[in-house]
Structure formats: C-alpha cells, structure tokens
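Throughout, a chain's letter reflects where its sequence line sits, starting with A, and its residues are numbered from 1.
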Amino acid sequence: MAVALALINKDNSPLYLRTVAEPANGEVAHKLLYMLHTSLDVVEEKVNSSVPGKNDSRDLCLGVLYSLDEYKLYGYVTNTKIKIVIIVELGVAVQFRDNDLRNWFNRLHQAYTEVISNPFYVAGEEIKSKKFEAVVNDIMRKQ
Amino acid sequence: MEAKPLVTYAGKPGLFESLREAVCPAVSAEATEWKRSLGRTKNVHIDANWVPFDRDKLSANRETLLNRQYLHTFWTDCSDSDEYRSTVKQEIMVWMADLKGKSQWDWFIVVVEDNSRKTPAKTTSKLLKSTVWDKIRNDFPSKNIDRVSTFVRPSRSDKNASSLNSFIGQFRIALLHALNREIGYYEDKLREKREARNQPAWSFIDFYFMQEQLAFVLETMTLYEDALVQYDELDALLTQFVINAAHEQESPMWLQNLTDCKDSWRALCMKSVCPVGDRGPFENSRGSLLDLRNMLLVRICNILILLCRPWEMAQRVLPYIQNAQLELKSLGAELTRPGAVDAWALAAFLEILLVSERYNDSTQVECYSLHTAQLWAHARLKMKALGQLCGLMPQATPSSEQIHLVVNILAGLGDDPRSGEHEMSPCRRVSEALSSKESFMRHYKDICEIAMGTFKHVGRLRSARLIGKDLAEFYLEKDEPQMAVQFLQDLLKMYLMEQWVPLAVETQKQLLKCYELLSYDLLYLHTVLLLATNSWLDQMERRHFFDNVLTTKDRLAKSMKNKQNLTFAFAGIFSLDDLEVESNSSILTLNSNVTVKLTITSNLLAEVKMRKVAVPCAELGKDSGQGHRMMPRKPIVLGPGSRRPPPQITIQHVNQSNSVGLVCSNQHQVLSRQDSANLGSPSSQDIVRVKSDTLFLAKDIYLAPGQNIIKLPFKTSQWGNYELRQVVMEWDHLGFVEELENSLLRTKVDIIQEKCKLSFEMPNSELLAGVDQVVQLTLHAGSQAIAASSSVTLGSPSSALLFGEDSINILEEIPAFGTRTFSISLRSDFCDQWTPKGAIHELQASAAWDDVKASVRLRFKPPFVVTHKLHSCDTAKFLQVEVVGHSAEIFSIKNPRFECPPGLRARILAEVEPFKVSAGYSNSFVWQLESDGDVAVPLILSFSLDFEWLEHSQTGVYSASFKLDAFKTLYSIHATVEPESQGHCKVDAVCKLNIRIKRLSPDGDEGGQIHLEVLVDPSMWALLGKNSDVFSVEPRDYTSSIEMKPLVRGFLPVPQIRLMRYRPPSKADAYNELAEEKLEPFLPGQIYNWSRASQVHVPTAAHSDGK
C-alpha cells in the first residue's frame, strides 16, 4: 500500500510531499521523506543512463528505484523531468500489481497536468489543489 | 566435477589406462554442437568420468542423472582377424549382453591400432576389407551414430593426431547422444513431477534436488545459462508457494516442516558448497526455509561467477535476501530469536561482499560498486538493528538477557565455514561486532564509512549523506557532537539546495543540538534565527525559537567581545524585495538629494528595532563608469534557498549586420552551475562588511514582521560613479548583510560632472564669400550653470575670416544642462585667386570658464569668378575680363574699372550696364590698352567692380589685380603660299611658302637669333626643304621661302610658323660636344601671326581640267 508520495520538479525540489504517517512531522514521516529524497539518486541515475531501448522515452515509468525490508520505492519521470516517487509498504499478504502502479502514476501525471494548466498556479510552487489532493487521497487509501 | 557423466571402459582395461592421458583431456578440449529438439542448438563442452566396467554396478535406474553410466566403451587393440574371431568377438558379445540385460543402449567400441603396423594394416584392410575394425562394424551395426571407432595409438614422435581427433569426435557424439536421451527423459519426468506439485505428498525439497541434478549436468556441459534457468525456476516456484501459503493461511506439509524449524539460521557461505547430490541439512528433513534459501542462493551465485558476472550476484542478492525475510514474516514463521533473521541477512550480505570483492576488477568496478553500495547500506541497517536489539548502541548497556540473546543468535549462525582464512569472515565479523559495545561501534563505523564511500563513488550522494545522518546520530548518542557536525552540515546544504524544507528543518534542529553541546554560539544563533524565521514551522515552534534568539542574543552581547563577527546574511531571515534609487531629478549632480528606498520583508515574529540601516557604496573606477562594468564578475554563488533568478531577455540591435538579437543579460546567474561544491553556506565567516564613507544611512528603524519600506536619504557631495554594495542592518549588536553585487536590482548611482559643450550649426545653404554669413553656435551648459556676463571667444587662424564680434557675451545665466543658441555673423574676404571650389577657413570658439574649445571648418564659395585674357592685333592690345556666376544667389554687378599704371590707358570698348550673374550666367567686357611709350613689365593692373547681393541687399567691391608678363608685340609673321606658276596651287605640284618676319618693336634681346619652325600637317603638305631655320632679324625683316607640295585638294590651312628664341651653345660650352642649343618660347602677346587660320585653295589637278 502506498504510504508516501512525492512530486519533484526538475531541480529536485519537492512540489508536493505526502505521507500517511501520523503525526505529519513525526519520526515515521521523516523516515519516509528521507527515503523519498534518497530515491532521487536512483531516479537521476536511471534518467541519465542512456541505454537505448531501455530508456524508451515513451515509457515514463522507471520501475523499482530501490527497496528496503519493509518498503519499495517506485519512480516515474515525465518528459519535462518532473518526478513522481511512490513508497509502497511491503507485505506478502498484499498482492501488488505492476498495472496498479502504472495506473497510479498515470493518474498522478494527469492530475499534475491539470494543476499546471491552472492559470493561477505559478510553476514551481508547492501544489495546493483540492483535485490533486483527491487523487492522492484515493491512491493512498487504496491498498 | 562430480556430476560428470560416467563412462565405463571394458575389454582391455590396461589398454585404456595406457591411453587415458591422451584421451581424457582431449574430450573436453573442444566444443561439440548439441542439437536438441525444437531447434535448440548449443555448443557444449562435455567431459567424462571414466570408470572400469563392472557388471554389478550396471543399473537400469533412470531416476537420477548423477552417477549414471551413460556410455559403455569397449577397448581392444586386436589386429588379427583370427584372434578377433576367436576371442574378442566373444568378449564383445558377452559385454553387449550384459548391457542389454540392464537396458543400457549406449555402447562404443574402440579399436586401437599400433603405429608401427599402421601402414601395412591399412593397405591390407583396404584391399581385403577384413580388418578387425571392419569386422566389428559388420558384426555390431548401429543405427544413428557410428559406434565403432578406431585410432592409431599416438606416439611421441608422431605429431599427427588426426586419427585420435576423429575418434574423440565420434566419442563425443556418442556420449552426447546418450546424454541427450537421458536428459530428455529426465526433463519429462521433471515436468511430470512439477505438475503434481499440488498433491499432498509432494515435496519441494525432493523436487528441488531433482531439478538441481539437471542443473548440475547442464553445468558440467558448460551450459551455465541453462543451469541458471533451472535455479531461477526453483526460486520462482518456491516464492510462489510461499505467497500462496501466506494467502491461504495454509501451508503444504513440506513447507510446514521448513517453517517449523525455527532455530536454524546458518550463515550463508559460498565456500561450503554441498557436494553434488548431498542433501545437506535436508538429509533427514531437518532444514529451515533459510537453509533452503541459502542453498539455492549459493548455487545461483556459483553459476553467476562461472558466467563471469559477479556484479549480477551482488545485484541479485539484495532482493533475494529481502524476499526471504519477507517470506518468513508473511508465513508467520519468525525465528525463535529476535534479530536472528537480521544476523542471517547481515552474514549473507557480508559473505556476498567478501566473494564479490575477489572479482572486483577494474572493468566491472562501476556496475559492481553500484550493487555493493546497496549491500553495504543494507548490511549497515542490519547491524544497526542488531545493535539496538542487543543493547550495543552508545547510550545503552547490554542487559544479561541481551547478552544471552547474542549468544543464541551467534549459535544459530552455526560454525564459521571460513574459519582459518586470513580475511575477516562474515561470521567472525558478526560475532566480533556483537561481542562488545566497543567492538560493535568500531564495526558499525567501518561499515557506515564503507557504505558512504561506495555510494559516493557511484555518485549517489543523497544516499551517502543519509548514511552520514545516521552516523551523526550515532555520534551524538556517543556524545561526540563534533564528529556529527560535518555530516549534518553536508546534509543541510543538500536539503537547502534542493529545497526539501521539512528535511532541512529537521537537520537544522539536529545541528542546533550539536551547536548547543559544542557551544558554537555563532552557528547556534544563526540556526535559531533561521528556524525562527522559517514559515514552514508552526507558530508555536517559531515563537519558541524566537524567544531562544532573544535570549541567545542577549547572552552573547554580554559574553562576546568582538562584536564585529556577529554578522549574518539576510538569507531566510530577511529578504530584500526591492531597492530603488529615488531623486527629484533624473540626473544626479552635486548637492542633489537622493533616497534609497528599500523594501525589506522581515520573517521575524515580532517588531525589532534596527539601530542602523545602511547601504554602503563603492566608487567605481573611471574606465568602468560607462554603463557597462567591464570588470570580471566573480562566479556567482546562489544562496541557500534562493531560487534561480528569471532570465532577463532584452532585444539588442547588432549594428554591423543589420540584425536584431536576443540577449540574456544575466545568463551567468541563470545558467550557473548548481553543484554540491559551490553551495552557499549559511556560515557568517564569508561575510565582510564593506567599509565606505559614502553610504546611505538611516537610524533607529523599526522593522515589523512582513514587508517594510525604509528610506535612506543622501546628499551628493562628490562626483563619481558609485555602486551600492550591500544592505546592512544592525539589530543591536547583530549585523545582517545582503550583498548586492550580483543582485538584479539597480545598484548604481552616477553623480555626474559634465562640462559645457559648444557646437556649431551650419546654415542649410552654402556659405558665400565676400558677403556676411550667419552660423549658429549652440552652448549646452553642463552640470554647472553658466553665469551671466561670461563670454565665448571666437577666432580663426585665417585672417581672411572676419567676425561681426570677436566674442559672444552671455547676458543671462544658463541653468545647468540648459541650452542657448547664438548667431555668429562672419564674412570671408575674396582671395586673389578664386577657384569655384572656394576656400576653407577654420572657425574656433572657446569657453574660458570650462576650458572647452570647439572648432569647425567652413567652406566659403565665391558667388562669381572673374577671369582676364590679353588679346593682340598687330601692335594693338585688348584685355577681356569675364565674370562667371557660381552661386544660385543672384548678384548684380556694375562699374567694372581699371586702375592703370602711369603711361597706360585703358579704354573700354563698350560701356557696361549693371548686369546680373548667377550660376551658369556670365558676362564679359573688353578694354583697349594704349600706352604712350614703354611700359614696364610685368604689368600689374588693379581691377575692381561693385556688386550687390540682391536678396540681402548687401553691396561690396570686388577687386583683383591682373598681372601681364608681356605687353608689346615684338614680331609679326606673314606666311603666304604661292603657286610656282600662275593660277592655283595644285595637288602634287610644287608651290612656295613665303615667310616674312617683321620686327615691330625692339626686342630686349639685341642680336639674338630666332628659331623658326614650320609646322605642317603631313597629310596635307609635303615639305620639300628644311622645316626649320635660325636667323636674326637684321635689320628689320627676314624673308624666306620653302618649297612644298599640297597632297590633297580643298582649302588647306597654311602651315603654321612657330618662332622661338634661339640660344646657341655658349662659348664656355663650345668644347663640349654634348652642349646643345636652347630654344625659348616667346610670351603670349609678343608674336602676332597675320596668317593664322588662313587657307590655300587647291583645286582639282591640272590635268583633269583638260578633259
């Protein structure tokens, strides 16, 4: 189940950060944030590695960035180098399909596209959009 | 390898033994193509394990692939047919019967020939077809492949081993044939077995060992990829079983057995590879899931090493181990000791790292490090978890239970399979690390540092720094904050640069703890300030930090002596939103009032009183004052948390190429590198306050939270170009500085000193000489007003330029930067010799008070030009004067007159009425000059006329003097052409040219000789005599005649006579043969030619008349 999610701009600054941890600035939340930030290492590596075919520009999904005992991090990068990272909590009981993940990423990408289409949104600012929030909530609630 | 297929040898065992050394290594030396069904073709290396044939060991068991006798060989060196028939054939038949009895279908008979008998044997065999080999082939036919082979016993002397090679080839094919059949059969069985996996009695362990056998065999055939596939299949199958079991909450029996065994977490060891077929801990169903996982992993890793992909081993291990842990958890099969699984994983990581270290060659170090870095990082996590569990972290003391736990965990890892190796074995490392607190800390630090180093090496700085954070926390716990500071500062820089505010704040809080412990007051204060002004924190926290700021500030005020050091950058605490230089005039000169308007946002929670707000300025060098600063810019450092400025694009014209370009004026900022090396640090050491006497200053300003506007007044007192360098605020003894050096705000103030300027303005039309003309002079006052009664002096180096007034008096004051225009009246005199181009005069003006000069070159054109010409008629002299207009302006001219020297009279031939000239119009008049006696030459005549510029009613007198070098006519020439006979001159008939030179007045050159030359047109006249002559006109006349012939008909011009003074070579030169006579021309007017332009009529030739 998705426990944390980040939308990161091309300069690696977060546009949107969200964890399910309570309280929002507690230890668990920080742990998740640290993981999100660290995953940028792998994202950059994957984005910069120019293996032909593997780095198909149409496939924006980067797959597993790295995994810990309890968590797995998945990445997605848009053509404008906006990165989406999702942390999924692992459990064998939870069946987790690749398709779900792609679906999440696509929905987030779509939601982000809508956010920046808003003329009142200044590019690069923190995202504060109810619609976007709703999409995120939906993903976080789902297993 | 144990799994090599067994091959028996029968017949003459001694024979084989003697050839073993030649045969055995040759089998595996080369690859053979293995064609399998479905088009699978592979090159394999096969090897065989040779054993003597033993009838009792023959077995029809096809359940296993290992220790199977795949091929049976029969060796004989019998070369005698009789012997064959009598004994060998029998032996073979018995042997075959034994094989068939045990359902062994793969046999192979080898006939070894001796080298000495090779040649004769072959010939006879060819002829008689009765060699033993042929006989055997006939007696024991085989279907698909050739099962009877022969070769010549190889000798040392004979290098040609072709017969041996062909035998080896045949042997390989036979062995492969056998293997192929058995493997195919085994695979079918395997498939069958897998299909039955849901039956209750099915056991994965059995299946595992079954498939493992296949993998072994493939491995011996060097088909490593295929072997790996077998293990991957096993891994996937096991994983699927576990997932299913976890879902259904019900495990099959074998899995139950595995998970029931909860006290075994033997360490993974690549060295302790179970021998083939050895079931290891599963011999008596006593093995845990981890044992199974260990076994599988070791096999996989071994294959990967054989495949030369050790980095893939490192890559695969991490998910494998994680998966194994997860499996235990999801099956609810936690081990009996907490932390045991961590210890197992740690040992596994260390083992893999140890092994891959050996294959860490330089070509693979990159991809290798990428995976080992992760392994080190995970090993670190495991170690940390163990340390926390066993009370080994700095703050804890292990309880007796925890010590007991350590003993149990280590016991579960089993005996160290690598004991005795000089390298630190994983087991030893784990047990050492857990043995005591000190030892743990040492090992933990080691692992952290290796992990950090490896991450840095592969460029994963964030991961490396996160480990640094953990290490920092570790040091903090250990009460060594000085070790922690650097790690946290690095981390903070990174978070600030990438604007991960929550993490930056978290790190700042940790740093705050360090600074407090270390009494780094300055850094503490700065960090508290930054936290207190961080809008990401909630009000409560900020208030807390703000109170902290106040107390720290006061505390420092008392303790600190050197207050200068308490200077911080604005960054984060305040922000300079805008800076404007305001003044009531657009140009700043001395004594102007200038105000700098600062818009500053304070992020502090309460109003604070700034003792002083100042903007110091620095004077720029003279050469750099022209708008663009030419000094090289320092590489810009973007402050922490500051965003890149937006690009400033301007349109610029490119003069040369008539094009327009876009220019980004702040590209050095927009395109600046953002790397870790160049991070702006929040430390205050770099900040240097600019000291300057020129500064905008305001005192006692209250700065409220939010936006404030502060005005700093200034009165200019000095010239110069100034740059605003900093904004400095002083809050009691705390200084805040914002550098303006690379700011986008306008930071320059130019206080201008400008001299006055003089400039001339030309009239639209051309300037005319001789009349008054007006030129405009414009005076621009500079930065200073020009006082009344100052004057501008006018002058010219040429005396021909006259001014109405020599200077211009300024009657009333001209204010600074004002402009006044004056008219200058001037007149250029006529010069004696005028050309239509006119004359150029320089006009100068100078302003004495500012030492400013200006000059202009003016071209004056004559309105008209007067020319004269002397005409003669025998002795009478006439002077013609022509006035030609040259200007568009109309001038009226009258009263032309001469002033003659005494003895000369000028009489105008026709009285002249006033007339008008302008460009293209001319008029001329003629005087007759009469003299009584001799007139001195050269003769100077003063000519003058009155003119009037009609448009401007200006009148003037034009005067010029004409110089005449000769006046009197000295000689006259009469030339006539006379026919020889009466009548006309005729073509080709000789006629005479009569020349008479008459002396009219005494020549000054008495006794001089005259040179005469007849100039004829050779197309008309043919001269028959000399064409030149020298004579002296004594006493009065000279006559001469020359014969010549007209060449054409018509009116022919009389040939011209040219006279010149003849100067014979002087006596001094008489001896000089080269001395030449000299000819001097006469001056105009001295010769009068009566026959000029006269013609002779030459009618048609005489003979044509007579027709």
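- Looking at A:D41, its side chain does come within 3.5 Å of a backbone N or O of B:R462 through a donor-acceptor pair.
- B:W500 is not listed as a side-chain neighbour of A:Y34, based on a closest heavy-atom distance of 4.5 Å or more.
- Contacts from residues 377-387 of chain B to chain A, taken as heavy-atom pairs separated by less than 4.5 Å, involve B:H378, B:L381, B:K382 in sequence order.
- Rounded to the nearest 0.5 angstrom, A:T38 OG1 and B:L503 CG are separated by 8.5 Å.
- To the nearest 0.5 Å, the span separating NZ on A:K31 from CG on B:L466 amounts to 11.5 Å.
- Taking CD of A:E44 as the start and CG of B:L461 as the end, the distance is 9.0 Å to the nearest 0.5 Å.
- Of the atoms belonging to B:L370, it is side-chain heavy atoms, and not backbone ones, that fall under 4.5 Å from chain A.
- Every residue was checked against the salt bridge (Lys or Arg N to Asp or Glu O under 4.0 Å) condition with B:R543, not counting sequence neighbours, and none meets it.
- Using a 4.5 Å cut-off between heavy atoms, B:Y495 touches chain A through its side chain atoms alone.
- Residues passing the salt bridge (Lys or Arg N to Asp or Glu O under 4.0 Å) test with B:R337, sequence neighbours excluded: none.
- Of all heavy-atom pairs spanning B:V458 and A:E45, the tightest one is O-OE2, 4.0 Å.
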Checking A:L33 against B:E506 for the side-chain contact (heavy atoms from CB on, under 4.5 Å) test, could you report, in this order, the C-alpha distance in whole Å, the side-chain angles of both residues, the deciding distance, and whether it holds? CA-CA 11 Å; A:L33 288 181; B:E506 195 56 28; over 6 Å; no

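- Both the backbone and the side chain of A:L68 come within less than 4.5 Å of a heavy atom in chain B.
- A donor-acceptor distance shorter than 3.5 angstrom exists from the side chain of B:Q322 to the backbone of A:S67, with no hydrogens or angles considered.
- In this view, B:A472 and B:A484, B:F487, B:L488 satisfy the side chain to side chain contact (heavy atoms under 4.5 Å, CB included) rule, not counting sequence neighbours.
- The choice from A:L36, A:V42, A:N12 that makes the most heavy-atom pairs within less than 4.5 Å of chain B is A:N12.
- Taking the side chain as every heavy atom from C-beta outward, B:Q499 and A:E126 never approach each other to under 4.5 Å.
- Enclosure of atom NZ in B:K509 by more than 12 non-hydrogen atoms of other residues, nucleotides or ligands within 6.0 angstrom is indicated.
- How far OG of B:S463 is from CE of A:M35: 11.5 Å, rounded to the nearest 0.5 Å.
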